[in-house]
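Everything on this sheet refers to the single structure shown next.
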Amino acid sequence: MVILEVRGIVKSFGGLRALQDVSLSVEKGEIRAVIGPNGAGKSTFFNVMTGLLAPDSGDVRFEGEQITGLPPHRIIRKGIGRSFQITNIFPRMSVFENVQVALFSHRGKGKNPLSLARKFTEIGEEALALLEQVGLAEKYDSSASVLSHGDQKRLEIAISLASGPKLLMLDEPTAGMSRFESRETVALLRKISREQGLTLVFTEHDMDIVFAISEKITVLQQGVVIADGPPREIKANPEVRKAYLGEEISE
């Protein structure tokens, strides 16, 4: 079953065409990487799919429903979660409060969520369960600002999961992490996807991670899809090797 269908996306900024007739089809439960050199258009593509940017032409469908041009909050409520290259958390709140606020907000109880916490004990239980899922339960009362970069990324994943997504889109989930943190995060994402049947679409510069976790890979170069397929085909594709100058696509 196809969960995400993107067809003919075009997006320009002034005289610069960032995306040129970009298409993508993702099946339910799939782990899909979108890769490409710097400036290939990956973040722009993500922003179009999640409503932060409106395309000049083309359409995006989620579970068969047209979502092109919808604002981000409506897209989230339809079942698409999103994380960003720059960690998007509340640093002055505790780890627990970050997830708690996300849960309240998703359920329409976000006007003054902390004051309502005692009335909704189930929200607190769900927040702890999400923190347990991403390995942060023991740090629930720590300030988010003191977490390591890797743990802040984990917290952002928990916040994204609080909306109950069917599809989770991650923009460079291991950016800035140590090699150890990156391996842990990859294992976490694979575990979450398998246990929940969650579809993952992510961008990433670390090719070891891409080939370790992806079931299919889409390659962008200068806003154009130059390859799309399983990891083995992508590794052998001469256009992909040329785009990366043979430096990152290793045997």
Side-chain angles (χ1 to χ4, degrees), residues 3-4 24 26-38 40 42-43 45-46 49-50 80-89 95 98-99 129-139 144 147-220 227-237 240 244 247-251:
I3 189 169
L4 179 68
L24 178 74
V26 180
E27 294 184 1
K28 184 178 181 180
E30 181 180 311
I31 300 178
R32 169 72 66 105
V34 178
I35 68 172
N38 289 330
K42 302 184 296 295
S43 291
F45 189 38
F46 263 45
M49 288 189 286
T50 54
I80 299 179
R82 167 79 190 270
S83 76
F84 296 83
Q85 287 183 29
I86 300 173
T87 307
N88 191 22
I89 61 175
V95 170
N98 266 269
V99 180
L130 285 171
L131 291 175
E132 180 72 35
Q133 192 173 7
V134 300
L136 290 177
E138 293 183 359
K139 300 179 181 180
L147 295 179
S148 69
H149 181 71
D151 281 346
Q152 287 186 351
K153 284 285 191 178
R154 285 171 174 262
L155 177 57
E156 189 178 26
I157 291 172
I159 291 170
S160 298
L161 291 173
S163 65
K166 301 172 186 176
L167 166 65
L168 187 57
M169 303 189 66
L170 306 170
D171 200 350
E172 298 194 23
T174 69
M177 290 186 186
S178 67
R179 177 62 61 178
F180 175 75
E181 289 175 326
S182 295
R183 286 199 299 266
E184 282 198 326
T185 300
V186 167
L188 170 66
L189 292 174
R190 185 187 287 116
K191 180 174 180 286
I192 290 172
S193 176
R194 287 176 177 173
E195 289 182 352
Q196 300 186 13
L198 184 65
T199 307
L200 298 179
V201 179
F202 71 100
T203 68
E204 182 58 62
H205 281 293
D206 189 323
M207 291 300 103
D208 289 338
I209 290 172
V210 168
F211 289 111
I213 191 175
S214 304
E215 295 166 353
K216 288 188 179 179
I217 301 171
T218 299
V219 187
L220 284 172
D228 187 88
R232 182 176 298 180
E233 290 182 9
I234 298 301
K235 271 190 178 183
N237 188 293
V240 176
Y244 280 93
E247 294 175 0
E248 296 187 73
I249 306 297
S250 57
E251 296 292 348

State, to 0.1 Å, how close [X] and [Y] come at their nearest heavy-atom pair, and which atoms those are.
X: Val34; Y: Phe45; value: CG1-CD2, 4.4 Å
X: Thr199; Y: Gly29; value: OG1-N, 2.7 Å
X: Leu161; Y: Gln133; value: CD1-OE1, 4.2 Å
X: Gly81; Y: Pro165; value: N-CB, 3.6 Å
X: Ile213; Y: Val186; value: CD1-O, 3.8 Å
X: His149; Y: Ala175; value: NE2-O, 2.5 Å

First locate atom [atom1] of [X], then atom [atom2] of [Y], and finally report the distance between them rounded to the nearest 0.5 Å.
X: Asp171; Y: Glu204; atom1: CG; atom2: CD; answer: 9.5 Å
X: Phe202; Y: Thr174; atom1: CZ; atom2: OG1; answer: 8.5 Å
X: Ser182; Y: Ile209; atom1: OG; atom2: CD1; answer: 4.0 Å
X: His205; Y: Met207; atom1: NE2; atom2: CE; answer: 8.0 Å
X: Leu198; Y: Leu167; atom1: CG; atom2: CG; answer: 7.5 Å
X: Arg190; Y: Arg194; atom1: CZ; atom2: CZ; answer: 5.5 Å

[X] side chain vs [Y] backbone, donor-acceptor pair below 3.5 Å:
X: Thr203; Y: Glu172; answer: yes
X: Lys42; Y: Gly36; answer: yes
X: Glu215; Y: Ile31; answer: yes
X: Ser163; Y: Ser160; answer: yes

* Structure fact -> Arg183 meets the side chain to side chain contact (heavy atoms under 4.5 Å, CB included) criterion, sequence neighbours left out, with Arg179, Phe180
* Structure fact -> Hits for side chain to side chain contact (heavy atoms under 4.5 Å, CB included) against Lys166, two or more places apart or cross-chain, chain-then-number order -> Ile3, Phe62, Glu63
* Under the side-chain contact (heavy atoms from CB on, under 4.5 Å) rule, what do Met49 and Ile80 come out as? Steps first, then yes or no, please. => CA-CA 10 Å; Met49 288 189 286; Ile80 299 179; over 6 Å; no
Check: [Y] and [X] side chains under 4.5 Å, non-hydrogen atoms:
X: Ile157; Y: Leu189; value: yes
X: Leu131; Y: Leu155; value: yes
X: Thr185; Y: Lys153; value: no
X: Leu130; Y: Val134; value: no

* Asked: Arg154 and Leu147: side-chain contact (heavy atoms from CB on, under 4.5 Å), yes or no, with the steps?
  -> CA-CA 10 Å; Arg154 285 171 174 262; Leu147 295 179; over 6 Å; no
